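Values below: all heavy atoms of this structure, side chains included; hydrogens, waters and symmetry mates excluded. One-based numbering, in listed order, for ligands and for the atoms of each. All of these numbers come straight from a predicted model, not from anything done at the bench. Along the sequence shown, residues are numbered consecutively beginning with 1.
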Amino acid sequence: MVRYVLLALLSTVTATDPCGATRCDTAACACGCECGTPDDPGLCYTPKTLLSKEPCAIEHHSPTIKRTVLVTGATGRTGSLIYKRMVAAGHDTRAFVRSADKARKVLGCSLCDESEGIYLGNVSSVTQLERAALGTSIVAIAVGVSGFGPQNVTKAVEFVGVQNTVAALAQPSNIASYGVDGLRVLFVSSMGTTLPAPPKEAGGSILFWKLNAEAFISASGLSFAIVKPGGLLMTAGDNSTLLVGKDDALFKVNPPVVSRDDVARVVVASLEFPFSVRLDIVSKPGPPTTDVNALLKETLYPWQQGAH
Ligand SMILES: *[C@@H]1O[C@H](CO)[C@@H](O)[C@H](O)[C@H]1NC(C)=O
Ligand SMILES: *[C@@H]1O[C@H](CO)[C@@H](O)[C@H](O)[C@H]1NC(C)=O
Ligand SMILES: *[C@@H]1O[C@H](CO)[C@@H](O)[C@H](O)[C@H]1NC(C)=O
């Protein structure tokens, strides 16, 4: 559905469209595009790698590029929304889940096995993760402990689990298929990681392990998008003005909250963004944000924006 909305928007720009509105034109596809059919919009041309600093790379975002994506924590409250939006955006989407029954209830699968892209396992098992990640170029990590348990479990899920997941994405076969530059890690973390001793209700030591996971991803050599939401709401997405920032400055927004579905939306959009980014996100009542790519651009440092 997302795709058709976009197609409708794109086909309003027909003046320079050599494909007669069956395809987005060069104004919409900064790097050029293919002609399509009424059923298949075809592809925009994109630079070879996500990290390309070609000026056209950053102007353009095409959700019609199909990727093979693994979502971990896919039956969770945020993970399930990411999974559904990945599917809606046309990506070949797999789910890494601990329970097939929960996957059936939350994701609407029927067999809920590998034939439907549902992979059973937990993030302590590198073998299970490697099996699920074989052939993927993107992993969206939405696992998290629910509530406060023993410290070793928090560390195992929030930090070591992330290391295992990234290592599984970067397995030799995926490197051979996509190159290191072709792999990307999308990570749902949290605001609050600048607090030296976060109170329990603000996330406590979970935030310490999340920050360690962020540091690991940032140093992994893979491209990444680290999305750090404020307080998470179960409200509808696409219905608020989104605000992005750095280093917990958005705690000044009262209340510093955001809908899980908007977080999912930003995570899915960040898949094609041609830079590695790390951003805080909250929302305020107001006109819904329509251009997530422009929002992501706001988070670039000045030296990235000037890059050629
Ligand atoms: C997670 O997987 C590991 C390795 O397969 C296994 O030893 C462990 O018991 C599993 N933990 C849970 C909570 O299922
Ligand atoms: C955490 O520690 C407890 C108690 O020592 C142990 O039983 C459990 O297996 C540990 N869990 C993990 C994930 O390391
Ligand atoms: C959208 O947000 C407004 C407040 O800004 C709220 O009144 C309305 O109920 C929301 N719509 C949905 C579908 O949640």
Lys228 NZ/CZ over Phe187 ring centroid, <6.0 Å and within 45° of normal: no
Do Leu107 and Ser80 come close enough that some side-chain heavy atom pair is under 4.5 Å? yes
Starting at NZ of Lys246, measure out to CG of Asp280 and round the result to the nearest 0.5 Å. 8.0 Å
Any idea which residues sit under 4.0 Å from ligand 3, heavy-atom distances? Ala236, Asn239
Taking all heavy atoms of Leu222 and all of Ser276, pick out the closest pair and write down the distance. O-OG, 4.4 Å
With heavy-atom distances below 4.5 Å as the criterion, would you say the side chains of Tyr119 and Glu114 are in contact? yes
Side-chain donor/acceptor of Ser259 to backbone N/O of Leu233, under 3.5 Å: no
